[in-house]
J.: 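Got a structure here, written out as structure tokens. Questions coming.
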Amino acid sequence: MTIKAVRGTRDLLPPETELWNRVEQTAREVFSLYNFFEIRTPIFEDTQLFARGVGEATDIVSKEMYTWEDRARAQSEKAQSLTLRPENTAGVVRAYIEHKLWERPGLQKLYYIGPQFRRERPQKGRYRQFYQIGAEVIGAPSAGSESPVRDAEVLEMLVMLLNRLEIKDWTLQLNSVGSQSSRPAYNEALRKALNGVVERMCVDCQRRAVTNPLRVFDCKVPEDQPIIETLPRISGFLDEADRKHFDEVQQILRVTGVPFVINDRLVRGLDYYTRTAFEFTQGSLGAQNAILGGGRYDGLSEALGGPRAPGIGFAIGEDRFVMAIAAGQEDKVSSISAPQVYIAPLGEGMNAPAAKLAQELRLQGIRVELGDESFRLKKSFETAEKLGISKVVIVGENEVASDQFALKDLQSGEQEKVKRAQFIEKISSLMSSYASARQA
Ligand code: HAM
């Protein structure tokens, strides 16, 4: 039996990987304009980090984590429960605490790119190994970490990224889920409202009503939705300071031209959120249309044993970003990786001079695909054509002897001889006129 990639995981192949690289490169450029720097945390962590950070009652922790008991290898070691990271915010905050990053000047503005793991039911846009591009702003309150400026800034940064990647048809849904001080009154109201109706809801909701009533809003069971619709909204329970914070975020968004809609049912599936919570959805993606999500987590550092360090961040579902870009642009995807020149060594002993020429062209920044001296000319032309390359350089005995090369244009069928001394210049000018014609 052949071995296949595990359910919910997949191989990313060229040319699609070019698109992934473009997304990541563009994200790095945009993040750098906002003064974010990269952090890389381990792919697996102590299970407790997610239990305490993301929350025991969440779907992620209660059903979706890849957790195993890591055996001790020596008497000095202890067995430990480890988990493949289902998200990266808890890891970043752990690193913030572990390395006392608050001792560094100003706010910590950190971004990450990498795989995350959740045992969800796989479907289009939902995988068990998926990729996130995320960023977090975290720091002491005295560094301005609580300011609504931070919330508005990350949202505006995201819009710049969406625009640069030409992702259209998105909606920013925004809510405030209140602070730790306003949450108890809301939880109480939810419990009361659930009393008497929860028996008619799914078993998960019955459990949630006891452990963490806010999580009832994560329910996807269609029959439960009319009941959930009647539950009190968090917007009615915000205190004065929460409301002011939320108003200021919205005010800055209006000034910086970031369109949003308020959705006061948006609570997000992780327990650490306080105040601002948001999600971007995209029109072309179907059921899994949340392309990114995030929010504020003012109490997370303390929940993980650290100092007070309010923060805000987001994570982009990179798989879904790529899907949104690729929709209707398949031709663009495949042309990205077309090499620019094909070198055809012709006859025995020609591999070495051809390799030398390829090296010289590559040093000039020209992308080269190199054939083999055992190929007949016809085969070289066909190979170049299949790769979408129209310029073929023939390196044969006569060419080497006369110190010039034959350059064939497969599109026009024309062939000319170019002296070695002028060769690099000739190819470079052909390539730049080709590139500008393509851009026009
Ligand atoms: P999240 O909403 O759980 O938030 O995930 C963020 C994004 O990751 C989602 O909007 C979605 O695009 C993508 N995503 C999640 N699960 C899958 C999956 N199974 N397959 C494909 N894509 C998926 C977080 O992870 C928070 N850590 C975000 C954050 C950062 N909040 C504050 N800072």
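Everything numeric in this text was worked out from a predicted model, so none of it was measured. Indexing begins at 1, ligand by ligand and atom by atom, following the structure's order.
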J.: Distance under 4.0 Å, heavy atoms only, partner ligand 1: which residues pass?
T.: Glu87, Thr89, Tyr112, Arg118, Glu120, Gly125, Arg126, Tyr127, Phe130, Gln132, Glu136, Arg268, Leu270, Tyr272, Tyr273, Ala290, Ile291, Leu292, Gly293, Gly294, Gly295, Tyr297, Gly313, Phe314, Ala315, Gly317, Arg320
J.: Testing Asp271, Thr58, Asp59 one by one against Arg215 for a side-chain hydrogen bond (donor to acceptor under 3.5 Å, both in side chains), which residue passes?
T.: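 Only one of Asp271, Thr58, Asp59 forms a side-chain hydrogen bond (donor to acceptor under 3.5 Å, both in side chains) with Arg215, namely Asp271.
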J.: For Tyr111 and Phe31: C-alpha separation, side-chain torsions, deciding distance, then whether ring pair (Phe, Tyr, Trp, His ring centres under 6.0 Å) applies.
T.: CA-CA 8 Å; Tyr111 77 85; Phe31 293 166; 5.1 Å; yes
J.: Residues in salt bridge (Lys or Arg N to Asp or Glu O under 4.0 Å) with Lys244, at least two apart?
T.: Glu248
J.: Taking side-chain hydrogen bond (donor to acceptor under 3.5 Å, both in side chains) as the criterion, tell me which of Asp239, Asn187, Asp242 meets it with Ser182.
T.: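 So the option named by the test is Asp242.
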J.: Would you call Arg243 and Glu240 a salt bridge, using N to O less than 4.0 angstrom?
T.: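 Here Arg243 does not pair with Glu240 in a salt bridge, since their nearest N and O are not under 4.0 Å apart.
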J.: Looking just at side-chain N and O atoms, do Gln129 and Tyr131 make a donor-acceptor pair shorter than 3.5 Å?
T.: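 Side chains of Gln129 and Tyr131: pair found under 3.5 Å.
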